[in-house]
Amino acid sequence: MSEALIKHFAKKLIAWHGLDGRRGLPWQSVRDPYAVWVSEIMLQQTQVATVLERYPRFMKRFPTVNKLAAAPLDDVLAEWAGLGYYTRARNLHACANQVIKEFGGNFPRDPILLEQLKGIGRSTAGAIAAFAFHERAPILDANVKRILARLFGIEGAIQEKSVNDQLWLLAQELLPKSPTDMPVYTQALMDFGATWCTSRKPVCMSGTKKCPFAKACQANLSDQVLLLPRKPIKAKSPEFDCDMLLLRHGNSVLLQKRPEKAIWGGLWSLPESVWRAKEKNLASHSEKAKVNLTAKELFKLVLPNQKTLTTLKASEPIKPGSEIKHVFTHRRLWMQIWHVSSSSATPFSGADFKWVSLHQLGKYGLPQPIKVLLQGLSLTRDDDLKN
DNA sequence: AAGTCGGGGCC
DNA sequence: GGCCCAGACTT
């Protein structure tokens, strides 16, 4: 029963793709390993709809692996801004340089070698090898895990190594015999998981479409489709708050480069205080403390190693501006924005500070909520006349 | 094996 | 609001 399924799976899936697969995605029409690689990295944990807009833009700006490798990391991060998981952008840049130095500018076709490159794990290596080189290498992303767990009724917790190993073995076993089928097969797997064997509303539960595997799928036969694959219970993400300084001189704002190994690593943001655990039951505590904050106190919070600006009235209380809530995968953050005007664009010591015109924000990689905040600022009339 | 990394679409 | 996603990497 299971053997018949394994034997005919690839053919049936490719046949399904011929009728109901996704078409016209910009990265489907390319076989240039560089173009394939960029699309695979960009699509990691990122929706197709999002990548649809950003992929052509990225390829236009960095059309070859040489152009990408030669570009400043800051430019790559700026282009990546808004996509999240910024380690991907750093690894992308590092990987481009690896490909040039270690492989003469050409991506290797062996998935074992691909996996040794920065930011390329086993699944992405398999996808690149399959799409760009027709290698018989499996992928195992969330789509494939879900499909296999359901088809074969795998009930073990998905995070366990033994279960993961079992899934990889299955993925390998199911590959089509012919290498020339690898691109369409791999695409079909992703499409089937993304559009038919979905997490919440699989077509087998709706009744309007007929799943080609309905009669063989263990989860379907035992009415366990929505229960597989089993996932771990996630703890509630902790909450934090912090203060951020929006220091403005005319149409320029002070930006600070964030450390690489952190949230929003390597992006340009506003100077911020350390994150404090949010005290839920003392909602009034932080509010009260904020109302009478002076410029001097604020600067000590967000720029502890800098001298207070002489151009400010240090002891004058400043009023809190907007508070922004931002949800990450593992944290929730409340950012208290403090608007302060400076009579001059006083330089700060250190290369991680920069005064940036509001007109030039697009050239910098900013965290999405900060970008939205700064874009919402109104320009002063003086600069409006100038520009 | 668990934690760390964003952001948007969807329900 | 929680869940989900073309995962990789560190601890």
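Labels below follow one simple rule: chain letters A, B, ... track the order of the sequence lines, proteins then strands, and each chain is numbered from 1. Every value quoted in this text rests on a predicted model; they were computed, and no experiment measured them.
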Residues at least two apart in sequence or cross-chain that pass side-chain contact (heavy atoms from CB on, under 4.5 Å) with A:Phe103, listed by chain then number, are A:Pro108, A:Leu113, A:Leu117
In numerical order, the residues of residues 71-83 of chain A whose heavy atoms come under 4.0 Å of DNA chain B are A:Gly82, A:Leu83
For this session: Say whether A:Asn164 and A:Glu160, considering side chains only, have a donor N or O and an acceptor N or O under 3.5 Å apart.
Result: no
DNA chain B nearest-nucleotide lookup for A:Ala49 and A:Gln45: closer to the 5′ end is A:Gln45
What residues 13-29 of chain A contributes to the DNA chain C interface at heavy-atom separation below 4.0 Å is A:Arg22, A:Trp27
Here the ring pair (Phe, Tyr, Trp, His ring centres under 6.0 Å) pairs for residues 223-255 of chain A, sequence neighbours left out, are A:Phe240-A:Trp275
**Prompt:** What integer number of Å spans the C1' atoms of C:dC4 and B:dG6?
**Reply:** 13 Å
(request) Show your working on ring pair (Phe, Tyr, Trp, His ring centres under 6.0 Å) between A:His17 and A:Trp196 and close with a plain yes or no. (result) CA-CA 11 Å; A:His17 181 264; A:Trp196 278 47; over 10 Å; no
Identify whether the distance between the nearest side-chain nitrogen and carboxylate oxygen of A:Arg258 and A:Glu272 falls below 4.0 Å. yes
- Message: Side chains of A:Ser341 and A:Arg248: any donor to acceptor distance under 3.5 Å?
- Response: no
Note: contacts of residues 160-181 of chain A with DNA chain B (heavy atom, under 4.0 Å) are A:Glu160, A:Lys161
With a 4.0 Å cut-off (strictly under) to non-hydrogen atoms of chain A, the first and last hit nts on DNA chain B, 5' to 3', are B:dA1 to B:dC11
Give a yes or no on whether a salt bridge exists between A:Asp165 and A:Lys161, defined as a side-chain N under 4.0 angstrom from a carboxylate O. yes
